[in-house]
Q: 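First the structure, which I've put down as structure tokens, then a few questions once you've had a look.
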Protein chains: 2
Amino acid sequence: MTDGRTRRREDTRQRLFVAAVDLIAEQGFSATTVDHIAARAGVAKGTVYYNFESKTVLFEELLRHGVGLLTAEFRAAVDGLPPLEALGALVRAQLEYIRRYRAFAQLLLSEMWRTNREWQQTLRLLRGEAIAVIADTVQAGVDSGDLPADLDVRTASSALFGVGLVVAVDWLVFSPERPIDEVQESLLGIVRRVART
Amino acid sequence: MTDGRTRRREDTRQRLFVAAVDLIAEQGFSATTVDHIAARAGVAKGTVYYNFESKTVLFEELLRHGVGLLTAEFRAAVDGLPPLEALGALVRAQLEYIRRYRAFAQLLLSEMWRTNREWQQTLRLLRGEAIAVIADTVQAGVDSGDLPADLDVRTASSALFGVGLVVAVDWLVFSPERPIDEVQESLLGIVRRVART
DNA sequence: AATTCCAAACTGACTGGTCAGTATAAAAAC
DNA sequence: GTTTTTATACTGACCAGTCAGTTTGGAATT
């Protein structure tokens, strides 16, 4: 399974992902050239096309990879916890993720609300999967009475997702000198206050 | 000052702004061509270059125009109001603005947190001006004791700005069927709850 | 354990197309 | 008669994607 060949190939794909995520976070998808990605990854241009069908497919697989990781961490975070604690765990998991993969978070923030791009459908789907985990938790909170019964679950969930993203990335981009734990505290405080009613 | 000639020219520039904002909101700056902007605005390509130095300058002036408008509405909204009411007025003004200029808001959301682009400096500056109005209001609230004394004014202000943007645009993109007034209520509710401590 | 062989992985020059920006002559608006 | 706009053609740089050829890992053969 993991002989030298597949290991090597997997390594190349990983290097291409890392190069692509950094460049696309900085400049956006269209402004990032395949030549530049290849150079940053230290491979020839042909290698990009040997490993990925096209620039768009590379990006789509990158999105799947990155958001998939986030969704998995969400699932692991809430596992077995009662609603209110689970909500806090989600905020913590999201910020932990953003701290670890800041370039990907930045990229996500920039590309999430675009329309009319080829990969829009893919991203929408992935976003849905991640938010579903949040929504399940919020729903459980409403059912258990820990959250207000009139809370609009779908809206609250997507708002929570978006707010965490924007606050954390804003902090990283405009006040990188501050420790991100402060954002976490602040966000947790807000979520708790809102939940308390 | 506003003779026929300048009026006409101003009208052309306005049409170009509108065309550019729509296309860039959908596809991003790099994926939007000057030919396409010209066609959408119903003018010849040469006219774009008669009115703007370059594609980048057109975009920078667009940013200045759009954010300038927002800042002006912020200033008008808080004028003469006591801190807490002023805060509510800011949220309302921002959402009102986003409802009216949704494409611009979408564009702003996509380009705001990018690094390494020519216009990044411009946008950073403009963002600062808009947030300054919020920060003045928040500071006044802290001084008057309406807001908690230990509140980090700079952070709270930029968070407020970002959150309004992301929640509203998220709503517009992913749940356009719902009336935006609901976002306003929800956001106001959150801000009030946070302020109350 | 050295040699041969093959397919997978990778290379980089090349191609065809696209696009920002320029040029210009003529027309329209004021 | 000056400013603005049009229509069209052009240039040069850049870029996604291709492909014929090279390298590499390792399996088979001796």
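Below, chains carry the letters A, B, ... as their sequence lines are ordered, and counting in each starts from 1. Below, each value reflects all heavy atoms present in this structure, side chains not excepted, and no hydrogens, waters or symmetry copies.
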Q: Any salt bridge linking Arg7(B) with Glu10(B)? Criterion: basic side-chain nitrogen under 4.0 Å from a carboxylate oxygen.
A: no
Q: NA contact type, Val43(B), heavy-atom cut-off 4.0 Å: base, sugar-phosphate, or nothing?
A: sugar-phosphate
Q: Listed by chain and number, what are the side chain to side chain donor-acceptor pair (under 3.5 Å) partners of Thr137(A), not counting sequence neighbours?
A: none
Q: Would you kindly give the CZ-to-P distance between Phe29(B) and dA20(C), to the nearest whole Å?
A: 8 Å
Q: From the list dC19(C), dC10(C), dA13(C), which nucleotide is the closest neighbour of the side chain of Arg8(A)?
A: dC10(C)
Q: Please determine whether a side-chain nitrogen of the Lys or Arg among Asp181(A) and Arg92(A) lies less than 4.0 Å from a carboxylate oxygen of the Asp or Glu.
A: no
Q: Measure CZ/Arg15(A) against C1'/dC10(C) and give the value in whole Å, please.
A: 11 Å
Q: Indicate whether OP1 or OP2 belonging to dA20(C) is found under 4.0 Å from a side-chain N or O atom of Lys55(B).
A: yes
Q: So, is Ser54(B) near the phosphate of dA20(C), with a side-chain N or O under 4.0 Å from OP1 or OP2?
A: no
Q: So does Tyr49(B) get a side-chain nitrogen or oxygen closer than 4.0 Å to the phosphate oxygens (OP1/OP2) of dG21(C)?
A: yes
Q: Heavy-atom nearest nucleotide on DNA chain C for Tyr50(A) versus Gly46(A): which residue maps closer to 5'?
A: Tyr50(A)
Q: Within 45 degrees of the ring normal and closer than 6.0 Å to the centroid, is that where the cationic atom of Arg64(B) sits relative to Phe59(B)?
A: no
Q: What is the distance from CG of Asp11(B) to C1' of dC30(C), rounded to the nearest Å?
A: 15 Å
Q: At under 4.0 Å, does any side-chain N or O of Thr33(B) touch on OP1 or OP2 of dC19(C)?
A: no
Q: Would you list the pairs meeting ring-ring contact (aromatic ring centres under 6.0 Å, His included) in which at least one residue belongs to residues 62-94 of chain A, sequence neighbours left out?
A: Phe17(A)-His65(A)
Q: Would you say Arg9(A) reaches dA9(C)'s phosphate, i.e. side-chain N/O to OP1/OP2 under 4.0 Å?
A: yes
Q: What's the spacing between Gln106(B) CD and Ile98(B) CD1 if we round to 0.5 Å?
A: 11.0 Å
Q: Does this structure show an ion pair linking Glu111(B) with Arg124(B), if we count only N-O contacts that are shorter than 4.0 Å?
A: no
Q: Rounded off to whole Å, could you give me the NZ-to-P distance for the Lys45(A) and dT15(C) pair?
A: 14 Å
Q: Reckon Thr32(B) touches a base, only the sugar-phosphate, or nothing at all at heavy-atom distances under 4.0 Å?
A: sugar-phosphate
Q: Can you give me the first and the last nucleotide of DNA chain D (5' to 3') that has an atom within less than 4.0 angstrom of a non-hydrogen atom in chain A?
A: dC15(D) to dG26(D)
Q: What is the distance, rounded to the nearest whole Å, between atom CZ of Arg7(B) and atom P of dA28(C)?
A: 22 Å
